[in-house]
Each structure stands twice: as structure tokens, then as C-alpha cells.
Amino acid sequence: MTAKLSPIDLAELYERDIVLWSERMIELLRQGRFDELDLENLIDEVGDLGKRERDRLISSIRLIMHHLLKWEYQPEKRSRSWVKTIQRERVNVQDYLEETPSLVRITSPEWIEKAYKTARRHASIETDLPLKTFPEKCPYSWLKISDYGFSADLEDN
């Protein structure tokens with residue numbers, strides 16, 4: 001059994017070593033010592049957990065669109081690594097959605113459009129092409145973004 005730490009001590013531990021703090025929270029939860037929990041930071045961390053999962057999915061979607069843009073607008077520089085990145089991220093997207101089905105809302109046109117804006121900027125930076133080269137609105141359907149079968153489209157070009 002671990003010695004009792006004050007709420008101030010736990011809050012300081014949170015700032016100093018989040019891994020040790022989280023281990024301490026798990027231990028207190030398992031022992032049923034709920035009155036000793038650092039609830040304020042625990043609530044923040046649980047809230048952030050969902051955001052991290054959402055952000056992982058958005059990052060993969062953005063990376064797919066980024067590489068699709070590069071593929072389409074810089075055909076002279078196409079590489080097998082771009083295809084592999086798109087394939088890998090499509091698998092990641094499928095995995096994220098299987099592991100966390102509630103994230104399917106991120107596949108809505110509004111979220112895709114938001115992710116596309118960043119993908120478009122990244123593509124412009126990486127290709128040295130002017131931002132206006134790329135469409136303002138996302139040219140890719142969810143099917144084109146997520147369907148592993150579309151890899152054939154990339155291989156043929």
C-alpha cells in the first residue's frame with residue numbers, strides 16, 4: 001500500500017512526472033481510494049484521451065490527402081514511398097475506426113474539409129507550388145481517402 005499524498009503533492013507530481021502521476025492514479029483507482037485522487041487533473045487527462053484519439057485519425061486523413069495532392073500535382077516527382085504512405089495511413093484510418101467507432105463522425109464532409117485545408121497548406125510547402133495550385137475545396141471523397149482499393153489508381157499512373 002502506497003503512502004497517502006496530499007492533493008497538492010499529487011498536483012505537483014502531475015506537473016513534474018505525468019507517467020508516475022498516472023501510475024499513482026491507477027493504483028489509487030484499483031485500491032478504491034477515490035477520495036485521494038487528483039480529480040482535477042484526472043478529468044483533464046480523460047478528456048484529452050478522446051482528443052488524442054481524434055487527432056490521430058485526423059492526422060492520418062490529412063497525410064493521405066497531402067500525398068494525394070502531391071501525387072496529382074507533382075507527377076514528375078511521384079515515388080513509391082508516397083504510395084506506401086497513402087496505403088499505410090489508409091490502414092491506420094481503418095484501424096482507428098474499428099478501435100473507436102464513435103470517431104466515424106470525423107469522416108463527415110465538415111471534418112474532411114477542415115483537415116483538407118491543412119493538407120493543402122502542407123502540400124504547398126512541401127512541393128514549393130503556390131497554394132492556389134491546389135483546389136480550395138477538397139477534391140477527394142471519403143471513399144477515395146479511405147478505400148485501400150484505390151491504391152491501384154496510384155500504381156497505374
Side-chain angles (χ1 to χ4, degrees), residues 1-71 79-126 131 134 136-154:
M1 189 159 206
T2 307
K4 184 174 182 174
L5 292 175
S6 73
I8 293 170
D9 292 336
L10 286 172
E12 287 175 5
L13 181 60
Y14 176 80
E15 296 299 328
R16 199 173 61 246
D17 187 340
I18 194 164
V19 172
L20 186 58
W21 173 88
S22 67
E23 291 168 355
R24 178 71 177 176
M25 291 301 100
I26 291 167
E27 187 178 326
L28 292 172
L29 285 165
R30 285 194 174 126
Q31 294 173 1
R33 294 165 55 189
F34 307 121
D35 58 326
E36 296 177 44
L37 293 170
D38 177 7
L39 286 178
E40 184 177 328
N41 288 317
L42 190 56
I43 289 166
D44 287 345
E45 286 302 315
V46 170
D48 286 348
L49 178 63
K51 290 177 191 169
R52 282 191 295 269
E53 293 304 307
R54 179 199 67 200
D55 291 348
R56 280 182 9 172
L57 175 60
I58 291 171
S59 179
S60 285
I61 292 169
R62 195 174 15 220
L63 192 54
I64 292 167
M65 290 189 289
H66 170 189
H67 279 74
L68 288 172
L69 286 169
K70 290 189 329 180
W71 186 267
S79 73
R80 186 106 177 105
S81 71
W82 291 359
V83 173
K84 293 299 180 188
T85 296
I86 292 167
Q87 291 172 332
R88 182 193 65 236
E89 294 306 317
R90 284 176 172 161
V91 169
N92 287 342
V93 164
Q94 290 171 354
D95 289 347
Y96 297 150
L97 292 174
E98 285 174 15
E99 293 168 8
T100 315
S102 65
L103 286 177
V104 73
R105 71 182 183 278
I106 303 303
T107 66
S108 71
E110 297 82 24
W111 279 98
I112 297 300
E113 210 48 60
K114 185 176 177 180
Y116 175 72
K117 287 179 183 178
T118 303
R120 180 177 177 246
R121 287 193 308 266
H122 288 178
S124 175
I125 291 166
E126 194 168 312
L131 186 61
F134 307 101
E136 272 190 53
K137 295 275 188 197
C138 181
Y140 308 116
S141 67
W142 173 244
L143 184 62
K144 177 83 174 186
I145 293 166
S146 65
D147 187 1
Y148 198 74
F150 272 107
S151 296
D153 294 347
L154 300 174

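- In this structure, CZ in Arg121 is found 12.5 Å from CG in Leu69, a value given to the nearest 0.5 Å.
- Within the 4.5 Å cutoff, side-chain heavy atoms of Trp21 are placed close to those of Leu42.
- Taking the side chain as every heavy atom from C-beta outward, Arg54 and Leu57 never approach each other to under 4.5 Å.
- Expressed to the nearest 0.5 Å, how far OG of Ser124 lies from NE2 of His66 amounts to 9.5 Å.
- The CD1 atom of Ile18 sits 16.0 Å away from the CZ atom of Arg24 when rounded to the nearest 0.5 Å.
- Of all heavy-atom pairs spanning Ile64 and Glu89, the tightest one is CG1-CB, 3.5 Å.
- Thr100 places no side-chain N or O within 3.5 Å of a backbone atom of Leu103 that could act as its donor or acceptor partner.
- With Ser59 contributing its side chain and Asp55 its backbone, the two residues share no donor-acceptor pair below 3.5 Å.
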Query raised in the report: Would Val83 and Trp71 satisfy side chain to side chain contact (heavy atoms under 4.5 Å, CB included), going step by step from the backbone distance to the final call?
Result: CA-CA 9 Å; Val83 173; Trp71 186 267; 3.5 Å; yes
Requested in this report: Could you check Glu99 against Arg56 for salt bridge (charged side-chain N to carboxylate O under 4.0 Å, His left out), going step by step and ending with a plain yes or no?
Outcome: CA-CA 12 Å; Glu99 293 168 8; Arg56 280 182 9 172; 3.6 Å; yes
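- Using a 4.5 Å heavy-atom cutoff, the side chains of Ser146 and Arg90 are not in contact.
- Salt-bridge annotation for Glu113 and Lys137: absent, with no side-chain N of the basic residue lying under 4.0 Å from a carboxylate O of the acidic one.
- Side-chain N/O atoms of Asn41 and Asp38 include a donor and acceptor closer than 3.5 Å.
- Contact between Glu136 and Tyr116 at its shortest, heavy atoms only, is O-CE2, 3.5 Å.
- To the nearest 0.5 angstrom, Thr118 atom OG1 is 12.0 Å from Leu63 atom CG.
- The closest side-chain donor-acceptor pair between Glu45 and Tyr14 falls under 3.5 angstrom.
- Closest heavy-atom contact between Cys138 and Met65: SG-SD, 3.7 Å.
- Counting heavy atoms from C-beta outward, Thr107 and Val104 have side chains that approach closer than 4.5 Å.
- Using a 4.5 Å heavy-atom cutoff, the side chains of Trp142 and Trp111 are not in contact.
- For the pair Arg120 and Lys117, the minimum side-chain heavy-atom distance is 4.5 Å or more.
- Counting non-hydrogen atoms of neighbouring residues, nucleotides and ligands closer than 6.0 angstrom, the CZ atom of Arg52 exceeds 12 such neighbours.
- Atom CG of Leu97 is separated from atom CD1 of Ile106 by 9.5 Å, given to the nearest 0.5 angstrom.
- Annotation: the span from Arg33 atom CZ to Asp35 atom CG amounts to 8.5 Å, rounded to 0.5 Å.
- Between Arg16 and Glu12, some side-chain heavy-atom pair lies under the 4.5 Å cut-off.
- Within the 4.5 Å cutoff, the side chain of Arg105 has heavy atoms near those of the Ser102 side chain.
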